[in-house]
**Student:** 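The structure's right below; bear with me while I get my questions together.
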Amino acid sequence: MESLSLFDITGPIMIGPSSSHTAGAVRLGKIAANLVGGTIKEAKIHLHGSFAATYRGHGTDKALLAGILGFNPSDEQIKDSPAIAQKRGLHYSIITADLGDVHPNSVKFDITLTNGQHHSVTGSSLGGGRIIITSIDDMEMNFTGDKPIIIAHYHDTPGIIATISTLLYEREINIGNMQVRRCREDQTAYLYMETDSLCDQLLEQQISSINGMYYARIINPFDHD
Amino acid sequence: MDYREIITYCHANNITLGQYALQSEVKRGDSTAEKIKTRFAEMLDVMKQSTSSAANKPLISVSKISGGNAYKYHQYQQNGDSLLGELAANAVTKALSTAETNAAMGKIVACPTAGSSGIVPAAILACGEYFNLKQDQLIDALMAASLIGKLIAESATISGAEGGCQAETGAAAAMAAAAVCQLRAGSPEVCFYAAAIAIKNSLGLVCDPVGGYVEIPCVKRNAAGVTNALIAADMALAGIISYIPFDETVTAMSNIGKMLPSALKETSGGGLAATKTAAALSGKIFN
Ligand code: SF4
């Protein structure tokens, strides 16, 4: 029998009405924005299944948008997110879509940054505010956002992953889950890594200064409670 | 842990269920007693807000299919018209207010879920106001409630999608019943009798939200849940015992949940969600 915390029962503090369709949606939006980095110019939000069917009454659209704007699931400004997006010059559209054989509460974000870069992030809300990111730029993955995530984009040369692992080893941080996508044409690689414990800012700097690294980012979990 | 062992432990150490809950949370090693209490105090603050926000002015849900009832009931209650006593009528107002705040994208504390979030705060805060209780006692009662919820979740479920509404508003009523007993200085044993009685009174309740929205019948079931909790607590405090022990009522709830067809477990395929009026209301939902 699993032993639960009292906070699994009472809490989180959240904006209603639904932990899966509202609170989880905010987390999906926020993690998607963190994953793509940069300033977002436009977001096309594709809603699937129950998200598509009930988003108006659950405020799922407002919640996803609030997440993209960086709000936490307990922020009372969530219901005003469309106006806030407009003020900040962020264009968005809500599109109902069939994303195929995925969880009923799924969403795909097509995001364009102000620097012209384009990214897509797909994820699902699993209930109770828990989420999962299932793909980034069409690369399949399995990140819950409950654990810190390290993202790195680098020139594909041997030794980079080993260097990152050493930096983690020095801090006694375990790697939970890791995915690498390599791009033949321009010889670059993307690395996504989930760790078991919180990562510090110095680690981000150290990874960023590895030879051949274009950029590295660490996303620590936010406001799950 | 067997709930009987918890009772024995509480008696041996002369502590409340809430204090036991705190000790066992500290033992998990994630946090200190001080920090745990601070987190509960923060949640209690949000509860104070949500139990009054929709009572003082009419609040309409995001879907616009429901709302304004906490305000209506509050007015009625203040006119002295309620059939219930002051405490229970105040608890109903509070339960409706939190449930409507939730439906209107306001801030709430899931307890144990968002849909059933009105019951525990209403019971604890209405008692707190009526008997002039201290913040510490209210936090202790909230921890006792959480312990009951934890025991239910560990051996059954607190999700409407898995167990029907008996698992959400039923569990919340059991949590609230135990909390109220503790506030009235009932022993841990009495708290568990109250929780058992509250569960028995909600067995079989299906989850059938109209249009899939946590509004109809959810808001009113929060009012029903808190009155169920008060009745159960009152009976237990009067010395009435539950012939079926707490853990067996939880098992019964779990088994009934498994027997319920999926149409009655949050899919809106049956019950009130499948009525003619439900179809008309769902069709009306626009931004
Ligand atoms: S009917 Fe379903 S959604 Fe509504 S409160 Fe009960 S369990 Fe929750």
Side-chain angles (χ1 to χ4, degrees), chain A residues 1-26 49-63 65-66 71-82 94 96 103-105 125-130 197 223-225, chain B residues 1 21-22 24-25 28 30-31 36 39-40 42-43 45-46 50 61-65 98-115 117 120 142-143 145-155 158-159 161 171 175 211-215 218 268 282 285-287:
Chain A
M1 183 166 70
E2 193 191 358
S3 167
L4 297 170
S5 157
L6 298 179
F7 298 109
D8 291 324
I9 306 299
T10 302
I13 295 174
M14 58 172 271
I15 297 300
S18 159
S19 55
S20 56
H21 288 67
T22 319
V26 180
S50 168
F51 264 16
T54 68
Y55 74 90
R56 287 192 183 92
H58 280 134
T60 309
D61 48 346
K62 292 175 179 152
L65 185 61
F71 292 114
N72 283 337
S74 61
D75 198 310
E76 286 183 285
Q77 296 179 78
I78 289 170
K79 58 179 178 311
D80 307 321
S81 63
I94 303 290
T96 55
H103 188 281
N105 300 329
S125 181
L126 305 176
R130 289 173 306 116
S197 34
D223 196 33
H224 191 35
D225 304 298
Chain B
M1 191 194 241
L22 179 61
S24 62
E25 187 69 21
R28 291 173 59 87
D30 300 335
S31 198
I36 294 165
R39 253 176 101 179
F40 273 105
E42 279 166 18
M43 296 198 285
D45 276 345
V46 175
S50 69
S61 71
V62 205
S63 75
K64 302 190 176 69
I65 60 172
T98 297
E100 285 191 345
T101 300
N102 180 56
M105 292 189 91
K107 198 191 273 193
I108 57 105
V109 181
C111 189
T113 60
S117 61
V120 173
L142 189 53
M143 292 192 291
S146 309
L147 175 70
I148 299 292
K150 172 177 138 78
L151 294 173
I152 296 172
E154 283 172 351
S155 63
I158 49 165
S159 142
M175 292 164 64
Y213 303 111
V214 192
E215 297 184 41
C218 315
S268 298
S282 311
I285 298 170
F286 294 108
N287 247 1

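Lettering of chains follows the sequences in order, A, B, ..., and the numbering in each one begins at 1. What's counted below: heavy atoms across the whole structure, side chains too, no hydrogens, waters or symmetry copies. These figures come from a predicted structure and were not determined experimentally.
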**Student:** Looking at A:Gly11 and B:Met43, what are the two nearest heavy atoms and their distance?
**Tutor:** CA-SD, 3.7 Å
**Student:** Considering non-hydrogen atoms only, spot the tightest contact between B:Glu215 and A:Gly57 and give its length.
**Tutor:** OE2-O, 4.5 Å
**Student:** Under a 4.5 Å cut-off applied to non-hydrogen side-chain atoms, are A:Phe7 and B:Ile36 in contact?
**Tutor:** yes
**Student:** Where the side chain of A:His58 meets the backbone of B:Gly212, is there a donor-acceptor pair that is under 3.5 Å apart?
**Tutor:** yes
**Student:** Looking only at non-hydrogen atoms, find the nearest pair between B:Ala114 and A:Ser19 and report the distance.
**Tutor:** CB-N, 4.4 Å
**Student:** Quick one: do B:Leu142 and A:Thr10 satisfy side chain to side chain contact (heavy atoms under 4.5 Å, CB included)? Show the steps, please.
**Tutor:** CA-CA 8 Å; B:Leu142 189 53; A:Thr10 302; 4.2 Å; yes
**Student:** From B:Met105 CE over to A:Ser81 OG, what is the distance, rounded to the nearest 0.5 angstrom?
**Tutor:** 7.0 Å
**Student:** Between A:Thr54, A:Ile15, A:Ile9, A:Asp8, which has the largest tally of heavy atom pairs under 4.5 Å with chain B?
**Tutor:** A:Ile9
**Student:** Which bit of B:Ala99 is near chain A, if near means a heavy-atom gap under 4.5 Å: side chain, backbone, both or neither?
**Tutor:** neither
**Student:** Please classify the contact between A:Thr22 and chain B as side chain, backbone, both or neither, with a heavy-atom cut-off of under 4.5 Å.
**Tutor:** side chain
**Student:** Can you tell me how far apart NZ (B:Lys107) and CG (A:Asp75) are? Round to the nearest 0.5 Å.
**Tutor:** 7.5 Å
**Student:** Identify which part of A:Ala53 has an atom lying under 4.5 Å from any heavy atom of chain B, answering side chain, backbone, both or neither.
**Tutor:** backbone
**Student:** Heavy-atom cut-off 4.5 Å, strictly under: side chain, backbone, both or neither for B:Val46 against chain A?
**Tutor:** side chain
**Student:** Can you check whether A:Leu6's main-chain N or O pairs, donor with acceptor, with B:Lys150's side chain at less than 3.5 Å?
**Tutor:** no
**Student:** Do B:Ile108 and A:Met14 have side chains that get closer than 4.5 Å, going by heavy atoms?
**Tutor:** yes
**Student:** Should A:Arg56 and B:Val62 count as side-chain neighbours, where that means a heavy-atom distance under 4.5 Å?
**Tutor:** no
**Student:** Given 3.5 Å as the limit, does a donor-acceptor pair link the side chain of B:Glu154 with the main chain of A:Leu4, or not?
**Tutor:** yes
**Student:** Got a second to check how far A:Ile13's CD1 is from B:Ser50's OG, nearest 0.5 Å?
**Tutor:** 10.0 Å
**Student:** Do the side chains of A:Ser5 and B:Glu25 get nearer than 4.5 Å, heavy atoms only?
**Tutor:** yes
